[in-house]
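Below is one structure; the comments refer to it alone.
When reading the values below, keep in mind they use all heavy atoms of this one structure, side chains included, and skip hydrogens, waters and symmetry mates. Proteins come first, then strands; the chains are lettered A, B, ... in the order of their sequence lines, and each starts at number 1.
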There are 2 protein chains.
Amino acid sequence: MKRVRANPGEGTRLREEILAAAEALLVERGSEEALTLRAVAGRTGVSTPSVYLHFADKEQLIEAVCLRAWDELERRMREAAQGIDDPFWALGRCGHVYVRFALDHPVQYRVLMMRQGSGSAATACFGYIVEAVSACVTSGALRGDPQTLALGLWSAAHGCASLLISQPSFPWPDDLDAFIDDTVWMAGLGTAIASRLSRRRVLPGVAAELDAFADRLNG
Amino acid sequence: MKRVRANPGEGTRLREEILAAAEALLVERGSEEALTLRAVAGRTGVSTPSVYLHFADKEQLIEAVCLRAWDELERRMREAAQGIDDPFWALGRCGHVYVRFALDHPVQYRVLMMRQGSGSAATACFGYIVEAVSACVTSGALRGDPQTLALGLWSAAHGCASLLISQPSFPWPDDLDAFIDDTVWMAGLGTAIASRLSRRRVLPGVAAELDAFADRLNG
DNA sequence: CCGTCAGGTTAACGCCGTCAATCTGACGAT
DNA sequence: ATCGTCAGATTGACGGCGTTAACCTGACGG
């Protein structure tokens, strides 16, 4: 139970241990409110106020934990897009990886994305998505301002992830990955077409037009 | 400062006053964690434990406050859809009203939709959306299982609302209502087309196909 | 051998949600 | 008129929380 004390210069060691304990406890308890500084300190084998040696307050500790996950997400997205020639297809893979990652780290995702204030975390990730969208604009798959397009696409992916996480009681399909694919595909196609339309309106024969278009893509 | 005591049979009066005070404080402070039972009781002019006469705990009080807002949302959505002939167009209006409402009641929306557990609130609303989607399937605008389609569409609307609320520092367009319209339109069109496609793939000339389709709809 | 100072600890404060025990006063029965 | 009753509301307290100030400790350079 008793920790060996760190030598001078090893100040960061305790920081890492606290981060690890906090991450484990956060996942175990399932929410940030249920996480206690006393519990974190206890698991680390250290007194409670020692946490304040490395983190200004509880808020910053939790944020630091979740930022770790965020870094890994960006890494995975770049990895998923690598080696795919068509930028539009690569963007779709990114979307899938994004949602999947959120589902695999629900607590961290909620902390980072479903609270007010801490928006700085997502900024770097947003930059990467804008890049990917820009490539699609260059290739002709999308039209318009990459930043605005990226916001729309991100909101679609985020909606899918967020709803799956916070509303597990909804009648979700059994095959979640297929549903995620459908959603990403829906957002991609919808953005591609909407970005080409000069104005929104309902045509009398819109269903027939859609049928014809789908036939050509299917056949 | 001193409240007049309620007569027997007036037990619900205090309940209403507490609800009102809690709602006001929740909006003022901007988050549920910042809301204090002591503050609620104080504003109502009553002692703290009196809250427990009408609510089992803090959780249920907050939930009751937010459920009020939810009821109004469903009312507004029905109102918006009323008198619109085309079901697909009506569905789009519902989506816009949904996102607008979320933005107008950000705290309540977050409490109800961005936390785990309390999923029962949205179930009724979900039923209404499935109805609206079913009408679109009947009219031929959409194809497939209404429930699954509804989940996808809802996730798009929710993503837009949720991201706007929790990430205000993003570079959102100035005209928010136009952006909401674009997002809703994107989701609707995307779902309509994706529901017609037998399989997902990238065609070499997909951009050209999209251009041609858009030209016919634009012209 | 001794100060110094990074790396901790102890004790406490104020606030929180919650609960058991208590008070109060209007009203029906006598 | 009075008295018991019981819904309506209060008092006081408990344990746990985040956070802070003050204090301890032991390895290392001089």
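- dG8(C) atom P lies 9 Å from atom CD of Glu17(A), rounded to whole Å.
- The interatomic distance linking Leu14(B) (CG) with dT24(C) (C1') rounds to 16 Å, in whole Å.
- A sub-4.0 Å separation between OP1 or OP2 of dT9(C) and a side-chain N or O of Ser50(A) is present.
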With salt bridge (charged side-chain N to carboxylate O under 4.0 Å, His left out) as the test, would you mind laying out the steps for Glu32(A) and Arg115(A) before giving the verdict?
-> CA-CA 11 Å; Glu32(A) 24 162 348; Arg115(A) 302 202 312 183; 2.2 Å; yes
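- Residues from residues 30-39 of chain A lying near DNA chain D, meaning a heavy-atom separation below 4.0 Å, are Leu35(A), Thr36(A), Leu37(A), Arg38(A) in numerical order.
- As rounded to whole Å, 12 Å separates atom P of dG7(C) from atom CD1 of Ile18(A).
- Ring orientation note: the planes of Trp89(A) and Trp185(A) are nearly perpendicular, at an angle over 60° on the 30°/60° scale.
- Within the structure, the side-chain hydrogen bond (donor to acceptor under 3.5 Å, both in side chains) test picks out no pair touching residues 126-136 of chain B (sequence neighbours left out).
- Listed nucleotides dT18(C), dT19(D), dA9(D) differ in distance to Leu53(B); the shortest reach to its side chain belongs to dA9(D).
- Of the candidate nucleotides dT11(D), dT20(D), dT10(C), dT10(C) has the atom nearest to the side chain of Ser47(A).
- In this pair, Tyr109(B) and Tyr98(B) present their aromatic rings perpendicular. The plane angle is above 60°, beyond the 30 to 60° band.
- Salt bridge absent: Glu63(A) and Arg68(A) never bring a charged side-chain N and a carboxylate O closer than 4.0 Å.
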Mind listing the N/O atom pairs, protein and nucleotides 22-25 of chain D, below 3.5 Å?
residue: dT25(D); atom: O2; partner: Arg5(A); partner atom: NH1; Å: 3.3
residue: dT25(D); atom: O2; partner: Arg5(A); partner atom: NH2; Å: 3.0

